[in-house]
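Computed over heavy atoms, backbone and side chain alike; hydrogens, waters and symmetry mates excluded.
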Amino acid sequence: MKKTLLIIVSTVLIMGVVYFAGVGFYSEKFSANSTFGTVDVSNLTLSEAQAKVIEDLNDKEFVLEEDGQEVARLKLGELEPEYKTESELEASYLSQDPTTWVNGFFEDKEYNQGLEEQINFSEEEIINSLSAQGLSNEEREAATDAGVDYDETEGYYVVEGSAGNQIDPSRLESAIVEGIQNENYTIDLEEAYAQPEVTEVSEEITSVMDEIESVSSVNITYEIAGEEVTIPQDEIENWIYFDSSNELIIDAESVKAYLSTLNEEYSTFYKDRTFNSTLQGEVTVPPGILGWSIDTDAEAEALISDIHAGNDVSREPIYYSSGGIAGAANDIGSTYVEIDLSNQYMFLYVDGELILETPMVSGKIGAETVPGANAVNEMLTDTNLVGYNPFSKVEYSTPVNYWIRFDDKAQGIHDASWQGSFGGNVYQLSGSLGCINTPLGAVEVIYNNVDYGTPVMVFY
């Protein structure tokens with residue numbers, strides 16, 4: 001009995017000694033069956049474990065394959081690796097409870113599954129190593145970013161990006177780290193192909209397509225010459241292009257070209273006019289300075305701003321006008337001066353009412369008054385008319401009480417005290433050099449009832 005008790009006590013004492021010896025041993029070492037990543041660090045001190053981890057990683061070699069063929073090998077120790085495993089190893093080490101060291105012989109302990117944050121390789125060395133083995137990006141197709149293109153049938157659409165086959169060292173590095181963790185040391189090089197920086201779902205593309213939708217769907221309607229003209233949406237789409245940053249640009253020159261087509265159709269400049277005269281009924285008046293057109297520079301700027309705003313707009317365009325009613329199909333209006341060269345008579349209408357009719361004297365034969373749809377562009381009182389008389393070959397300076405110029409050829413309406421009579425055939429013998437000689441009382445009435453821009457219709 002005593003002998004059995006002694007054996008039991010001795011066994012307990014021995015086990016205690018062994019246990020506490022194990023506690024002392026594993027208080028400075030990793031427990032049995034411990035791995036850090038893929039490295040066995042069992043029974044190693046912290047510094048020994050760190051050295052072994054680095055040695056093990058440096059010895060690893062990866063085979064790179066492309067199209068099923070080996071094309072290169074990379075040994076990690078030759079890529080100027082930077083390992084930041086100390087803190088993770090230390091944290092793993094400190095997480096152990098040495099009093100449970102016995103459990104280590106019956107269960108595995110795996111530490112650190114996040115090597116991607118603790119291993120870095122020199123991308124430059126990766127590139128240099130690949131180049132030395134005949135893999136140079138200079139001979140490979142670069143990745144293509146997604147973009148936006150235009151087709152007359154489809155309109156604007158997204159062109160997907162493509163990878164090409166250039167090697168992205170950062171993607172290759174990630175594949176290497178993943179291979180270390182999975183203990184797979186063969187890498188398909190396609191996993192490391194450089195990817196497009198901009199894809200079809202990137203904000204740069206989606207925002208551009210949203211802007212295109214906003215821009216191309218805007219309704220711009222002009223009120224011009226009594227008509228409503230809505231700019232076709234496909235016309236607006238034709239004005240759009242994108243710069244290298246995928247910024248939407250509206251081509252100002254294309255906008256101006258479109259506005260010019262509207263001018264060709266609606267502008268009153270440089271066009272013959274049908275005019276209902278007092279004595280002759282309907283006559284044709286050739287172009288003069290009177291008229292209006294869309295101011296293509298100013299309107300293009302305003303139109304581009306409207307389109308970018310994405311708001312539906314209905315308005316008149318910005319006009320340039322030399323007189324009359326800008327934007328009207330009949331820009332003469334109801335207030336105008338009518339000069340009938342055939343009948344040598346002049347009429348003044350104000351708001352549609354005939355205010356004055358008077359005989360006058362136009363240009364003599366050889367200096368005939370030039371007909372045209374014109375407008376008042378200069379008004380002076382008590383001034384001198386100066387010029388050169390090609391018939392008498394002398395310069396002249398003649399005082400007049402009223403001067404109303406109406407074109408760009410120095411033709412105007414003025415009083416002419418030297419005329420003994422007006423109207424009829426007076427112009428044939430003592431006509432002017434192109435101006436409209438008018439009785440003083442009549443020209444005074446005209447002067448007091450017209451203004452700059454008042455139409456002056458001169459015709460035969």
Exercise. Is it true that the side chains of Ser131 and Ser136 contain a donor and an acceptor less than 3.5 Å apart?
Worked result: no

Exercise. Taking the side chain as C-beta and beyond, is there a heavy-atom pair between Ile446 and Met346 under 4.5 Å?
Worked result: yes

For this session: Enter the distance from Ser321:OG to Leu290:CG here, rounded to the nearest 0.5 Å.
Result: 7.0 Å

For this session: Using only heavy-atom distances, determine whether the side chains of Gln344 and Ser362 contain a donor-acceptor pair under 3.5 Å.
Result: yes

For this session: Mind checking the OG-CG spacing from Ser267 to Leu262? Nearest 0.5 Å is all I need.
Result: 10.5 Å

Problem set entry | Working for salt bridge (charged side-chain N to carboxylate O under 4.0 Å, His left out), residues Asp331 and Arg273 | CA-CA 10 Å; Asp331 60 342; Arg273 297 161 186 268; 2.5 Å; yes

Exercise. Got a donor-acceptor contact below 3.5 angstrom from the Ser214 side chain to the Asp210 backbone?
Worked result: no

Exercise. Less than 4.5 Å apart, any side-chain heavy atom of Ile325 and any of Asn330?
Worked result: no

Problem set entry | Side chain proximity check, Phe347 to Glu357, heavy atoms < 4.5 angstrom | yes

Exercise. Of all heavy-atom pairs between Val426 and Ser421, which one has the smallest distance, and what is that distance?
Worked result: CG2-OG, 3.4 Å

For this session: Without swapping roles, check the side chain of Glu299 against the backbone of Ile318 for a donor-acceptor pair under 3.5 Å.
Result: yes

Exercise. Can you name the one residue among Thr199, Val158, Asp145 that meets side chain to side chain contact (heavy atoms under 4.5 Å, CB included) with Ile205?
Worked result: Val158

Exercise. Parallel, tilted or perpendicular: which fits the ring planes of Tyr319 and Trp292, with parallel below 30° and perpendicular above 60°?
Worked result: perpendicular

Problem set entry | Between Asp340 and Gln280, a side-chain donor and acceptor under 3.5 Å | yes

Exercise. Is a donor on one side and an acceptor on the other found under 3.5 Å between the side chain of Asn184 and the backbone of Ile180?
Worked result: no

Exercise. Should Tyr156 and Glu237 be marked as a side-chain contact (heavy atoms from CB on, under 4.5 Å) after you check the CA-CA gap, both sets of side-chain angles, and the distance that decides it?
Worked result: CA-CA 8 Å; Tyr156 282 93; Glu237 286 186 355; 3.9 Å; yes

Exercise. Using 30° and 60° as the class limits, which term best fits the ring planes of Tyr320 and Phe269: parallel, tilted or perpendicular?
Worked result: parallel

Exercise. Can Glu78 and Lys75 be counted as an ion pair, charged N to O under 4.0 angstrom?
Worked result: no

For this session: Using atom types as modelled and distance alone, determine if a side-chain donor or acceptor of Lys271 lies under 3.5 Å from a backbone N or O of Glu264.
Result: yes

Exercise. Would you say the side-chain atoms of Asn374 and Asp407 include a donor-acceptor pair closer than 3.5 Å?
Worked result: no

For this session: Output yes when a side-chain donor or acceptor of Asn384 lies under 3.5 Å from a complementary backbone atom of Val386, and no otherwise.
Result: no

Problem set entry | Aromatic ring proximity Tyr266/Tyr222, centre distance under 6.0 Å | no

Exercise. Would you find a donor on one side and an acceptor on the other, under 3.5 Å apart, between the side chain of Arg140 and the backbone of Asn165?
Worked result: yes

Problem set entry | Under 3.5 Å: donor-acceptor pair, side chain of Tyr427, backbone of Leu341 | no

Exercise. Do Gln133 and Ser129 meet the criterion of a side-chain donor-acceptor pair at a distance under 3.5 Å?
Worked result: yes

For this session: Tell me, with the steps shown, if Ile212 and Val148 meet side-chain contact (heavy atoms from CB on, under 4.5 Å).
Result: CA-CA 10 Å; Ile212 290 173; Val148 177; 3.7 Å; yes

Seminar exercise, completed: Between Pro455 and Gly324 the two heavy atoms that sit nearest each other are CG-CA, 3.9 Å

Exercise. Roughly how far, to the nearest 0.5 Å, is the CD atom of Gln166 from the CD atom of Glu139?
Worked result: 11.0 Å

Exercise. Of all heavy-atom pairs between Arg315 and Leu303, which one has the smallest distance, and what is that distance?
Worked result: NH2-N, 3.9 Å

Exercise. Do Trp403 and Ile413 have side-chain heavy atoms sitting under 4.5 Å apart?
Worked result: no

Problem set entry | Side chains of Leu130 and Leu64 in contact at under 4.5 Å (non-hydrogen atoms) | yes

For this session: Evaluate whether atom CD of Glu301 has more than 12 neighbouring non-hydrogen atoms of other residues, nucleotides or ligands under 6.0 angstrom away.
Result: no

Problem set entry | Sole candidate of Leu57, Asn120, Leu76, Asn58 that passes side chain to side chain contact (heavy atoms under 4.5 Å, CB included) when paired with Pro81 | Asn58

Exercise. Heavy-atom distance under 4.5 Å between the side chains of Asn437 and Trp418, does that happen here?
Worked result: yes

For this session: Could you tell me whether the side chain of Asp188 and the main chain of Glu190 form a donor-acceptor pair under 3.5 Å?
Result: yes

For this session: Using a cut-off of 6.0 Å, state whether more than 12 heavy atoms not belonging to Glu70 lie near its atom CD.
Result: yes

For this session: Ignoring hydrogens and angles, tell me if any N or O in the side chain of Gln233 forms a donor-acceptor pair with the backbone of Ser217 under 3.5 Å.
Result: yes

For this session: Applying side-chain contact (heavy atoms from CB on, under 4.5 Å), run through Glu123 and Ser170 and close with a yes or a no.
Result: CA-CA 7 Å; Glu123 292 188 2; Ser170 64; 3.4 Å; yes

Exercise. Say you draw a straight line from CE of Met360 to SG of Cys435; how long is it, rounded to the nearest 0.5 Å?
Worked result: 12.0 Å

For this session: Measure the CG-CD distance between Leu433 and Gln411 for me, rounded to the nearest 0.5 Å.
Result: 10.5 Å

Problem set entry | Minimal non-hydrogen separation, Leu279 against Glu338, with atom names | N-OE2, 4.4 Å

Exercise. Are any non-hydrogen side-chain atoms of Ile236 and Ile231 less than 4.5 angstrom apart?
Worked result: yes

For this session: Step by step, work out the side-chain contact (heavy atoms from CB on, under 4.5 Å) result for Val445 and Leu348.
Result: CA-CA 9 Å; Val445 172; Leu348 171 64; 4.3 Å; yes

Seminar exercise, completed: d(Asn128 CG, Ile126 CD1) to nearest 0.5 Å is 10.0 Å

For this session: Report, as yes or no, whether the 6.0 Å neighbourhood of atom OH on Tyr157 holds more than 12 heavy atoms from other residues, nucleotides or ligands.
Result: yes

For this session: Give a yes or no answer on whether the side chain of Asn263 reaches the backbone of Ile294 with a donor-acceptor pair at less than 3.5 Å.
Result: yes

For this session: Search all heavy atoms of Gly323 against all heavy atoms of Ala375 and return the closest pair with its distance.
Result: CA-CB, 4.3 Å

For this session: Flag yes if more than 12 heavy atoms outside Glu61 fall under 6.0 Å of its CD atom; otherwise flag no.
Result: yes

Problem set entry | Cation-aromatic face contact Lys60/Tyr185, 6.0 Å, 45 degrees | no

Problem set entry | Distance-only donor-acceptor check, side chains Tyr349 and Thr278, under 3.5 Å | yes

For this session: For Asn276 and Glu282, work out which heavy atoms get closest and say how close.
Result: OD1-N, 3.9 Å

Problem set entry | Flag side-chain contact, heavy atom, 4.5 Å: Tyr193 against Glu66 | yes

Exercise. Do the ring centers of Tyr388 and Tyr396 come within less than 6.0 Å of each other?
Worked result: no

